[in-house]
Novice: 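I have a structure here, written as structure tokens, and I will follow up with some questions on it.
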2 protein chains.
Amino acid sequence: MKKKVNFEKLAHQPAYRVVSEKIRNAIVSGEIKTGELLPTEITLAEQFGVTRSTIREAIRLLEHGGILGRADRKRLVVTLPPTDTVGRSVSSALLMHQVTYEELWQVAMGLEPLASKLACTAATRKDKQLLAANLVHTCEVMDDHDALLDAEIEFHNLLAEATHNSALLLARAPLNELFYPVAWGAVIQALSPGERILVAHQHIYGAICENNPDKAEEWMKKHMLDFRRGIEMGNLGFDQPVKG
Amino acid sequence: MKKKVNFEKLAHQPAYRVVSEKIRNAIVSGEIKTGELLPTEITLAEQFGVTRSTIREAIRLLEHGGILGRADRKRLVVTLPPTDTVGRSVSSALLMHQVTYEELWQVAMGLEPLASKLACTAATRKDKQLLAANLVHTCEVMDDHDALLDAEIEFHNLLAEATHNSALLLARAPLNELFYPVAWGAVIQALSPGERILVAHQHIYGAICENNPDKAEEWMKKHMLDFRRGIEMGNLGFDQPVKG
DNA sequence: ATTGACACGTTGTCCGACAATGCGTCAGAA
DNA sequence: TTCTGACGCATTGTCGGACAACGTGTCAAT
């Protein structure tokens, strides 16, 4: 039997990565709280013992993830990454993976009924008010395809926010960004299913007000199936990759 | 009535952002295909008419999103962002949002049964082989808590991959990274529920082989509920924020 | 065929410099 | 007093150049 030495391949990380990781740790561990200003580039450079250029590259690494924002176009500030910022990087990943509408629909089928169910117990009065306002608005723009699409997307968004579950919000972010705008837009254009949408939304809203999770979940399922049928009737390439 | 001028606030984007966006567009639009090498920093600098430093900052912006990878520790190459890379940025966002185990569990309850169901129709022979191997391995390490945890996580991972749905994979990435390692780890430590885990996995695997989506979904639900009960029995702070 | 020496290309890091811009201070004008 | 403008300071954005570290290809020697 041959004796294998098998050294572990040593990972020489560039300095800007190391620095980036250190800063990231300091942030997520709460050492630097959200809202606080990041030290200036020069002080960071002195503390880490590297040059400003290196610090800047490290900062860029974090900036894209959304955990660093800009206070006033000068100093950097630690921020809670907004869901849409994070969602955007997920979205480009999905685009590159050539994700299909079918795949996104499957995920939506898992998350949206869940959101409806959870919203029943978690929604505050404020959330319900926003949903109600959205319903009214939907009635008004029933004939304007673009506005109807916006209202439809907003309804699902409000519903998700009503769960007060940030994990859920982030998980479904790509739906907002990639799926609904295109897919639902196509259905609305082709079939003008304004009333069907409104009826479903009303039932879901009703179920939330009655605090009836099962009903909310069921109606959302119906709603999503309806949507899918719309796509199939319109023959709109359900198994095609999403185009950004 | 006062006449309002209302200038649009002009957005002076730094050059490194503009460059970053241009490169990003070239990539997601397919102008540069995955696997191709990015031009060298110097040529990029010449083409955009900026200095290498600026180019480098622009590159860092993209590097974190995972759409740029390293071929051999030198030249940069356009890559499909691996799910775990994207998942990591989502995870830090969740950590900063102080997401609780409860919230993650809710999402898991939406996605994992769905994954089981979808895997029934989408799993290839190869996927099933991997799952089977995982079951065998689980039997072997039943008494080693750490190894059991790894096997458990791997099972859920293989299952998700067996759906061949990249949107689902990305949506559940944070579960792999934040939720299971800590939460399952705690349950396994406290209760040693090795057999219960194995039995559930076996039923799920069996359902996939029988092509029985409903059964697969049901058993996964049971499995997750079991898991939750474990946490509650262990009194492990289900409503606490996840600590990274 | 393997090894070693060497030049070359590319990235990582450093240094120093300057412009643009936001912010605080402070004196002067209405 | 309050508003305005001038001024300096701090910080970021961009530039240019420099060198070290390292992977790669070539070529000669063994």
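Below, chain A is the first sequence line, B the second, and so on; all start at residue 1.
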Novice: Under the rule for ring pair (Phe, Tyr, Trp, His ring centres under 6.0 Å), what residues qualify as partners of A:Tyr205, not counting sequence neighbours?
Specialist: none
Novice: In whole angstrom, what separates A:Ile42's CD1 from D:dC9's P?
Specialist: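 Taking atom P of D:dC9 as the reference, CD1 of A:Ile42 is at 15 Å.
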Novice: Start with the C-alpha distance between B:Glu63 and B:Arg60, add both sets of side-chain angles, then the distance that settles salt bridge (charged side-chain N to carboxylate O under 4.0 Å, His left out), and finish with yes or no.
Specialist: CA-CA 5 Å; B:Glu63 197 172 339; B:Arg60 297 300 158 256; 2.6 Å; yes
Novice: Mind checking what makes salt bridge (Lys or Arg N to Asp or Glu O under 4.0 Å) contact with A:Glu112, not counting sequence neighbours?
Specialist: A:Arg172
Novice: Nearest whole Å is fine: how far is D:dG13 P from A:Ile55 CD1?
Specialist: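 Rounded to whole Å, this separation is 14 Å.
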Novice: Does A:Val18 offer a backbone N or O that forms a donor-acceptor pair with the side chain of A:Glu21 under 3.5 Å?
Specialist: no
Novice: C:dG12, OP1 or OP2 - any side-chain N/O from A:Arg56 closer than 4.0 Å?
Specialist: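 For A:Arg56, the contact criterion (side-chain N or O under 4.0 Å from OP1 or OP2 of C:dG12) is not met.
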Novice: If I take atom CG in residue B:Leu38 and atom C1' in nucleotide C:dT11, what distance separates them, rounded to the nearest angstrom?
Specialist: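 In whole Å, C:dT11 C1' lies 13 Å from B:Leu38 CG.
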Novice: Just by distance, do the side chain of B:Thr79 and the backbone of B:Gly66 share a donor-acceptor pair under 3.5 Å?
Specialist: yes
Novice: Output the single nucleotide from D:dT12, C:dT13, C:dT11 whose closest atom is nearest the side chain of A:Glu57.
Specialist: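 Out of D:dT12, C:dT13, C:dT11, the nucleotide with an atom closest to A:Glu57's side chain is C:dT13.
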Novice: In whole angstrom, give the distance that lies between atom CZ of B:Arg75 and atom P of C:dC8.
Specialist: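 Rounded to whole Å, this separation is 19 Å.
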Novice: Compile the donor-acceptor pairs under 3.5 Å between side chains in residues 89-99 of chain A and protein atoms, sequence neighbours left out, one pair per line.
Specialist:
unit_1  : atom_1 : unit_2  : atom_2 : d
A:Ser89 : OG     : A:Val86 : O      : 3.0
A:Ser91 : OG     : A:Gly87 : O      : 2.9
A:Ser92 : OG     : A:Arg88 : O      : 3.1
A:Ser92 : OG     : A:Ser89 : O      : 3.2
A:Ser92 : OG     : B:Arg24 : NH2    : 3.4
A:His97 : NE2    : B:Pro81 : O      : 3.0

Novice: Return no unless some side-chain N or O of A:Tyr16 is found under 4.0 Å from OP1 or OP2 of C:dT13.
Specialist: no
Novice: Give a yes/no on whether any side-chain N or O of A:Arg70 is located under 4.0 angstrom from OP1 or OP2 of D:dG13.
Specialist: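 It does, given that an N or O in the side chain of A:Arg70 lies less than 4.0 Å from OP1 or OP2 of D:dG13.
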Novice: State, to the nearest 10°, the angle formed by the axis through the first five base pairs of the helix from C:dA1-D:dT30 to C:dA30-D:dT1 and the axis through its last five.
Specialist: 10°
Novice: Look for any protein N or O under 3.5 Å of an N or O in nucleotides 15-21 of chain D and output each such pair with its distance, or none.
Specialist:
unit_1 : atom_1 : unit_2  : atom_2 : d
D:dC15 : OP2    : B:Thr51 : N      : 3.1
D:dC15 : OP2    : B:Thr51 : OG1    : 2.9
D:dC15 : OP2    : B:Thr54 : OG1    : 2.8
D:dC15 : O5'    : B:Thr51 : OG1    : 3.2
D:dA18 : N6     : B:Arg52 : NH2    : 3.2

Novice: In terms of the nearest nucleotide of DNA chain C, which residue is placed more toward the 5' end: A:Gln13 or B:Thr40?
Specialist: B:Thr40
Novice: For D:dG13 and A:Arg60 - does any side-chain N or O of the residue sit under 4.0 Å from the phosphate oxygens OP1/OP2?
Specialist: yes
Novice: What residues, two or more places apart in sequence or in another chain, satisfy salt bridge (Lys or Arg N to Asp or Glu O under 4.0 Å) together with B:Glu161?
Specialist: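 Result, salt bridge (Lys or Arg N to Asp or Glu O under 4.0 Å) vs B:Glu161: none returned.
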Novice: Quick check, are the ring centers of A:Tyr180 and A:Trp184 under 6.0 angstrom apart?
Specialist: yes
Novice: Between A:Leu159 and A:Ser116, does a side-chain contact (heavy atoms from CB on, under 4.5 Å) hold up when you go through it step by step?
Specialist: CA-CA 7 Å; A:Leu159 199 61; A:Ser116 297; 3.4 Å; yes
